[in-house]
Student: 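Please read through the structure below; I'll follow up with questions.
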Amino acid sequence: AARAASKTEPVPFTLPMRQAIEVREALEIELRQALRRGEFELFYQPQIDLRSARVIGAEALIRWRHPERGYVSPGEFMPVVNTTSLAEEVSAWVMETAFLQTAKWFRAGHPIRVGINLSQCQFGTGDLVSQVDRLLARHEVPPHLIELEVTEDIILDNANNPTLTLSELRSRSIKLAFDDFGTGYGSLTYLKKFPLDTIKIDQTFVRNLSPGSDDAAIVRTTIDLGHALGLSVIAEGIEDEAAWHFLRDLGCDEGQGYFFGRPIPSETFEATFLASGTEHAA
Ligand code: C2E
Ligand code: MG
Ligand code: MG
Ligand code: MG
C-alpha cells in the first residue's frame with residue numbers, strides 16, 4: 001500500500017498490521033483472564049556451585065499453564081505483558097510467589113537462593129524498594145536468599161535513578177545479578193556504574209563453548225573481569241559435562257543449564273534437588 005506519501009503523513013494501516021493488533025489484543029484479554037484464574041506458575045531451574053556440584057540457588061521462571069495449549073513459555077507472552085498495564089500485576093505476582101517459595105524452602109531447612117527476573121515497570125514506579133521491604137517482612141526471608149536479576153535494557157530505559165534503587169536494595173543485603181551479560185551495548189559501563197553482586201554470562205556465549213573458540217575467549221575474559229571487580233560469575237546455558245568442566249576450570253563460580261536441570265515445578269524441584277541433600281547426581 002506504499003503510496004508516495006509526504007513525510008508527515010501517517011503510514012496507512014495495512015491488513016497484516018491490523019491483524020497483528022487484533023491478535024495482540026486478544027492475547028492481552030486472555031492474559032488478564034489467566035492472571036485472574038491463577039494460570040501462571042513459577043518453574044525453578046537449579047543453579048549449581050561449579051566446584052562442589054551442589055545446588056545453591058534456583059532461578060524462578062514464569063510459565064503460563066494454558067488450558068488447551070499446555071505450558072507456554074515466557075518468550076511468547078511476556079513481551080505483551082510488559083507493554084500493557086498487566087506488567088505491574090504480573091510482576092507483583094512473580095515477586096510474591098517467589099518470596100513465598102524462598103521462605104518455604106528456608107523454613108524446611110533448605111536455604112536455597114531464589115533468582116527473580118525483574119520487569120522494566122518495576123523500576124519506573126520507584127516503589128520496588130518498599131515492595132521488597134514488605135515482602136521481606138511478611139515472609140521472614142533472609143534477604144541474601146533473594147537475587148534480583150536485571151538486564152541492561154531494564155536499567156537503561158528509564159528516567160528514574162536506577163543506581164539509587166539498586167543501592168537501596170543492596171544495602172538490605174538483597175543480591176543483584178546482571179542478567180544476559182554481554183548481549184547489550186554498554187555492559188562494561190554499567191558494571192562500573194551499578195552496584196551488583198553477580199554477572200550472568202548469557203547462554204549464547206556458553207552453548208557452543210569449545211577450547212580455543214571466540215566464545216571461550218569472551219567467557220574467560222568475562223570471568224576474570226567479574227572477579228577483578230569483586231563480583232561472582234554464573235554461566236547460563238550449560239548443556240553438557242564438557243562445558244561444566246571447562247567453565248569450572250576457568251574459575252567460573254556457578255552455572256545453570258539443561259545439563260544440571262531444566263526449569264521444573266517447585267514440587268519436582270524439591271523431589272529432585274532437595275530431598276536427600278543437595279548433591280547433583282551427574
Ligand atoms: P533469562 O532470565 O535469561 O532466563 C534463562 C532462559 O534460558 C530460560 O528460558 C531458561 O529456561 C533457558 N535455559 C536455561 N538453561 C538452558 C540451556 O541449557 N539451554 C537452553 N537452550 N536454554 C536454557 P525461559 O524460561 O523461556 O525464559 C526466557 C526469558 O523470559 C528469561 O530469560 C527472562 O528474560 C524472561 N522471564 C522468565 N520468567 C520471568 C519472570 O518471572 N519475570 C520477568 N520479568 N521475566 C521473565
Ligand atoms: Mg534471568
Ligand atoms: Mg539470562
Ligand atoms: Mg535471557
Side-chain angles (χ1 to χ4, degrees), residues 31 34-35 39-48 50 55 57-65 70-84 86-102 113-124 128 131 146-155 157 175-184 187 196-209 215 219 222 233-244 246-247 254-266 268-269 280 282:
L31 285 165
L35 184 63
E39 290 172 5
F40 290 120
E41 285 179 27
L42 288 185
F43 275 23
Y44 295 86
Q45 182 176 38
Q47 298 179 318
I48 270 85
L50 292 185
V55 175
E59 179 173 5
L61 294 156
I62 195 167
R63 298 290 181 267
W64 173 16
R65 194 212 285 260
Y71 284 113
V72 183
S73 64
E76 285 191 55
F77 63 87
M78 285 306 278
V80 172
V81 166
N82 282 331
T83 50
T84 63
L86 270 167
E88 277 89 6
E89 286 170 78
V90 171
S91 305
W93 178 86
V94 168
M95 293 282 282
E96 171 71 27
T97 308
F99 271 74
L100 193 66
Q101 188 61 70
T102 315
R113 186 194 61 214
V114 172
I116 304 171
N117 292 286
L118 295 186
S119 288
Q120 195 168 319
C121 70
Q122 293 171 280
F123 270 89
L128 177 61
Q131 181 188 26
I146 297 293
E147 182 161 83
L148 301 180
E149 299 193 0
V150 292
T151 53
E152 192 175 301
D153 49 319
I154 286 178
I155 17 187
D157 295 350
K175 299 268 178 259
L176 299 173
F178 194 147
D179 201 357
D180 301 345
F181 184 80
T183 59
S187 297
L196 298 161
D197 301 278
T198 305
I199 294 175
K200 298 193 74 174
I201 303 179
D202 192 70
Q203 51 181 298
T204 51
F205 303 109
V206 176
R207 276 209 306 254
N208 308 303
L209 263 189
D215 284 346
V219 162
T222 306
V233 181
I234 176 163
E236 302 185 304
I238 298 178
E239 294 190 351
D240 52 46
E241 192 170 31
W244 168 24
F246 188 70
L247 286 156
E254 294 179 36
Q256 64 187 88
Y258 292 171
F259 175 69
F260 298 111
R262 290 180 181 249
I264 44 178
S266 59
T268 319
F269 187 93
H280 171 66

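Starting from 1, each residue takes its place in the sequence as its number. Order of appearance sets the numbers: ligands from 1, and atoms from 1 within every ligand. Because the structure is a prediction, the values reported are computed rather than measured.
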Student: Are the side chain of Asp180 and the backbone N or O of Thr183 linked by a donor-acceptor pair below 3.5 Å?
Tutor: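 Flag not set: sc Asp180 to bb Thr183 has no pair under 3.5 Å.
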Student: In Glu149, the N, O or S atom nearest to the Mg ion (ligand 2) is which?
Tutor: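 Closest to the Mg ion (ligand 2) among those atoms: OE1.
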Student: Any N/O/S atom, side chain or main chain, of Thr151 closer to the Mg ion (ligand 2) than 2.8 Å?
Tutor: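 Looking at Thr151, which is the residue asked about, there is no N, O or S atom under 2.8 Å from the Mg ion (ligand 2).
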Student: Mind checking whether the Mg ion (ligand 3) has an N, O or S of Glu236 under 2.8 Å?
Tutor: yes
Student: For Pro74, counting its heavy atoms only, list the atoms of ligand 1 lying under 4.0 Å from any of them.
Tutor: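 Those atoms are 24 (P), 25 (O), 26 (O), 27 (O), 28 (C), 30 (O), 37 (C).
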Student: Given 3.5 Å as the limit, does a donor-acceptor pair link the side chain of Asp197 with the main chain of Leu176, or not?
Tutor: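 Yes; judged by distance alone, with no hydrogens or angles, the pair exists.
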Student: For the 3.5 Å polar cut-off, considering only N or O atoms, please tell me whether Gln203 and ligand 1 meet it.
Tutor: yes
Student: Under 4.0 Å between a side-chain nitrogen and a carboxylate oxygen: does that hold for Glu59 and Lys200?
Tutor: yes
Student: Could you walk me through whether Gln256 and Gln45 pass the side-chain hydrogen bond (donor to acceptor under 3.5 Å, both in side chains) test, one step at a time?
Tutor: CA-CA 7 Å; Gln256 64 187 88; Gln45 182 176 38; 2.8 Å; yes
Student: Can you name the N/O/S atom of Glu59 that is nearest the Mg ion (ligand 2)?
Tutor: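 Distance check against the Mg ion (ligand 2) picks out OE2 in Glu59.
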Student: Closest N/O/S atom of Asp179 to the Mg ion (ligand 3), by atom name?
Tutor: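 Going through the N, O and S atoms of Asp179 one by one, OD1 ends up nearest to the Mg ion (ligand 3).
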Student: Kindly identify the option in Ile116, Leu61, Asp179, Val150 whose heavy atom sits closest to atom 8 (C) of ligand 1.
Tutor: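 The residue whose heavy atom sits nearest atom 8 (C) of ligand 1 is Leu61.
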Student: Check all N, O or S atoms of Asp180 and name the one closest to the Mg ion (ligand 3).
Tutor: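 It is OD1, the N, O or S atom of Asp180 closest to the Mg ion (ligand 3).
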Student: Identify, by atom number and element, the atoms of ligand 1 in contact range of Leu118, meaning under 4.0 Å from any of its heavy atoms.
Tutor: 44 (N)
Student: Answer yes when Arg65 and Glu39 have at least one side-chain N-carboxylate O distance shorter than 4.0 Å, and no when they do not.
Tutor: no
Student: Does only the side chain of Gln45 get under 4.0 Å from ligand 1, or the backbone, or both, or neither? Count heavy atoms.
Tutor: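 Just the side chain.
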Student: Residues in side chain to side chain donor-acceptor pair (under 3.5 Å) with Glu76, at least two apart?
Tutor: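 Glu76: side chain to side chain donor-acceptor pair (under 3.5 Å) contacts with Arg69.
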Student: Going by the atom numbers of ligand 1, which of them fall below 4.0 Å from some non-hydrogen atom of Val94?
Tutor: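 In order of number, 41 (O).
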